[in-house]
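None of the values given here were measured: they were computed from a predicted structure. Scope of the values below: all heavy atoms of this structure, side chains included, with no hydrogens, waters or symmetry mates. Ligands are counted one by one from 1 in listed order, and the atoms in each one are counted from 1 as well.
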Amino acid sequence: MSRPARGLELFVSEELIVGIDLGTTNSLVAVCDAHGPRILGAGGAMVPSVVRYPAAAGEALVVGEAAKRDATLFPVRTVSSVKRLMGRSATDAAGDAAYLSYEVVAGERGAARVRIPAGEGVPERVLSPEEVSAAVLRELKSRAEAALGRAVSKAVITVPAYFDDAQRQATRVAGRLAGLEVVRLVPEPTAAALAYGIGLPRAGAKPASVMVYDLGGGTFDVSVLRLTPGEGDEPFFFQALAVGGDSHLGGDDFDHALTGVMKREVLALLGLAPDSTLDPATTKALVEFAERVKIRLSDAANASVRIDLGERVYERVFTREEFEALVSPMVERTILAAQRTLEQAREALAGEEISAVVLVGGSTRVPLVRRRVREAFGMEPYTALNPDEVVALGASVQASLLGGARSGALLLDVLPLSLGVETQGGAVAKLIMRNSTVPARAREMFSTSVDGQTSIRLSVYQGEREMAADCRKLGEFHVSGLPPMPAGVPQLEVVFAVDANGVLNVSATERRSGRRAGLQVIPTHGLSQSEVERIERESLLHAREDMTRHRVVDLIVNGKLDLKWIGERLAKHRAELDAAYVGELESRVASLREMIDSAERDWRSVDPSKMHQAKEALDRASMRLQEVAITQSLREQPRKL
Ligand code: AMP
């Protein structure tokens with residue numbers, strides 16, 4: 001029926017291999033199938049990389065959320081951040097071990113080991129970091145098996161770009177201990193790029209250079225890599241051109257900056273000296289409130305806190321501007337580090353420019369971070385995927401390729417379905433038609449149909465049917481903060497751009513006010529080839545009916561605008577017009593209004609051609625009214641001296 005589009009058939013592999021992001025704080029497992037990559041596990045699919053060892057005989061090992069929740073109750077039996085110890089000697093890991101609640105000791109040949117003290121009926125245990133990681137991996141494996149309904153025995157696991165041989169080897173061992181054959185270890189930034197389809201094999205593919213900017217809770221990693229298309233069993237090769245970052249900079253520092261402000265104000269409120277210390281419980285509460293304020297400010301313009309301090313209540317509204325001013329120096333440090341890393345990669349790049357910037361890590365949800373990255377590197381960074389999931393998703397893409405996904409079958413890069421926005425009345429205005437080759441770009445002007453709108457909603461759809469309800473919604477966003485204007489006056493420029501990797505950027509700019517907003521999505525994700533075929537069949541089946549409906553909807557919207565305009569003018573100028581003309585106009589208004597009312601109840605009840613005629617007749621008849629109105633408004637203009 002149609003050629004398979006890239007990103008669809010590509011992911012159908014013969015063998016089941018999962019992708020795992022084995023993180024310092026959280027871990028995730030994903031699979032890539034006919035629908036593209038997806039995270040496995042119900043609800044909060046993230047598994048905290050935390051393991052608690054039994055305190056008494058008969059108790060079970062606790063892994064994940066439960067272990068994290070009660071970590072403060074069992075500090076010496078709860079092992080977290082074990083990734084920092086993987087493949088390292090106790091001496092090398094000493095700096096990190098200082099921050100851990102459990103004991104790190106030297107084992108054979110000085111290797112870092114975790115010592116869990118004896119409990120009731122349980123002997124002391126000295127564990128390798130591999131064993132602890134294996135407990136996390138076993139949990140992920142069983143989650144994947146539950147979600148897929150079948151056994152899972154092979155995995156691709158991601159590791160930081162800076163992991164050395166010993167650290168990589170330790171990760172392999174952890175996999176084996178968990179009953180998983182580690183088919184491949186993939187650097188985290190490479191996985192992030194793959195999740196966006198960068199470097200995937202395709203016709204005429206050229207090497208691609210990317211920057212991956214990863215800002216988490218406690219660390220910042222930046223890498224510049226090159227992905228080169230390969231052949232056969234090796235779909236591509238990757239090469240890290242430069243890595244950099246700051247191992248002690250992240251979202252937690254944003255929290256601390258906010259906590260500092262709150263602490264100063266709380267002390268002042270309580271009448272205490274600025275250098276006084278607060279009790280630990282209050283300090284902990286402030287840090288938690290600070291993180292909540294930060295997260296809220298990623299979506300809202302302001303966030304309020306209210307903390308009951310017993311004798312007083314601390315109430316405060318933080319604005320996004322204030323937060324941005326506070327964290328800006330830290331964000332600038334990441335930008336500088338990223339620029340330095342790019343500079344280091346210059347020689348290897350040999351004049352070539354990076355073609356994409358990928359954002360990873362929870363802290364890249366901060367709008368200031370996105371804006372500064374966009375400004376500093378002159379391109380829209382990739383943000384369509386959840387920044388916490390992108391590494392696991394990419395690992396699953398690599399897994400599906402290693403599992404024999406049919407990457408060679410791809411002939412050309414075309415968009416499988418049309419893309420557009422919902423307009424008044426629920427119809428879809430298509431901006432990019434299906435089968436367009438990528439990259440593709442389209443631009444169209446829109447306006448409002450209601451007076452005084454200060455916010456315009458844009459809903460983005462994919463599909464072939466005429467009505468939004470019959471298409472697949474990709475997302476929505478608002479252009480807000482507009483000054484109130486009459487209907488039809490705002491000029492909204494909407495741009496759709498699909499890049500070579502199939503990532504869609506939609507942006508909308510209101511020209512008069514300069515207000516802008518946008519959205520990024522990967523239209524092919526979640527869509528299989530068989531679904532595309534079903535959508536095509538249905539659109540053919542409904543083609544005629546859909547066209548009629550779209551026409552009726554447009555006539556309703558435009559007809560209502562005419563009625564509104566004529567009604568207003570007629571009320572104002574009735575006295576200047578002869579009765580016969582007013583009578584004719586009113587009867588035409590009544591007949592169009594009747595058709596619109598009927599069409600709004602059931603679009604099938606009207607004949608669109610008759611409705612079109614009624615609208616045209618009214619437009620013609622209203623010419624005189626229009627002339628009178630214009631003459632009048634000219635007269636009302638102040639006379640010039
Ligand atoms: P990660 O280490 O990648 O899991 O990132 C965790 C960091 O991301 C923490 O500092 C979180 O507070 C931060 N974070 C998560 N969601 C948001 C958000 N919506 N806005 C700002 N920061 C966030």
Side-chain angles (χ1 to χ4, degrees), residues 20-30 39 41 44-50 64-65 68 80-84 96 99 136 140 158-161 187-189 191-192 195 212-223 245-260 262 284-303 305 318-328 330-331 333-334 358-373 381-395 477 520:
I20 292 178
D21 171 8
L22 184 59
T24 307
T25 35
N26 292 298
S27 297
L28 280 165
V29 56
I39 298 290
M46 239 183 331
V47 176
S49 310
V50 183
E65 202 55 57
K68 181 185 170 183
S80 58
S81 299
V82 79
K83 188 170 169 180
R84 294 186 188 273
D96 285 305
Y99 295 96
V136 175
L140 294 168
T158 60
V159 288
E188 288 158 8
V212 180
Y213 173 107
D214 179 349
L215 189 62
T219 54
F220 170 58
D221 290 310
V222 58
S223 1
D246 186 331
S247 57
H248 295 282
L249 180 60
D252 299 347
D253 298 300
F254 299 174
D255 303 347
H256 289 139
L258 267 176
T259 309
M262 289 162 67
K284 187 160 179 272
L286 288 186
V287 176
E288 275 166 22
F289 275 105
E291 187 182 13
R292 263 188 262 166
V293 164
K294 172 188 76 177
I295 290 175
R296 176 104 186 94
L297 290 176
S298 289
D299 293 316
N302 45 57
V305 267
F318 287 92
T319 64
R320 188 184 284 176
E321 284 75 35
E322 189 181 3
F323 172 71
E324 291 186 346
L326 208 55
V327 302
S328 172
M330 295 178 249
V331 174
R333 269 166 59 200
T334 69
V358 175
L359 298 191
V360 182
S363 300
T364 61
R365 291 198 183 90
V366 173
L368 175 68
V369 170
R370 294 186 174 188
R371 198 165 71 232
R372 288 296 297 127
V373 169
Y382 280 171
T383 54
L385 299 173
N386 181 333
D388 295 315
E389 299 180 346
V390 56
V391 169
L393 293 173
F477 62 98
Q520 188 185 83

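Looking at K83, its side chain never comes within 3.5 Å of a backbone N or O of S49 through a donor-acceptor pair.
No more than 12 heavy atoms of other residues, nucleotides or ligands lie within 6.0 Å of NZ in K68, so this atom counts as exposed by the packing criterion.
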Starting from the C-alpha separation in whole Å, work towards a yes-or-no answer on side-chain hydrogen bond (donor to acceptor under 3.5 Å, both in side chains) for T364 and Y213.
CA-CA 8 Å; T364 61; Y213 173 107; over 6 Å; no
Start with the C-alpha distance between D388 and R365, add both sets of side-chain angles, then the distance that settles salt bridge (Lys or Arg N to Asp or Glu O under 4.0 Å), and finish with yes or no.
CA-CA 10 Å; D388 295 315; R365 291 198 183 90; 2.9 Å; yes
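Stacking of R320 on the aromatic ring of F323 is not recorded, the 6.0 Å distance cut-off and the 45° axial limit not both being met.
L368 CG to L326 CG: the interatomic distance, rounded to the nearest 0.5 Å, is 11.0 Å.
Ordered by chain and residue number, the residues placing a heavy atom less than 4.0 Å from ligand 1 are G216, G217, G251, D252, E291, K294, I295, S298, G361, G362, S363, R365, V366, D388.
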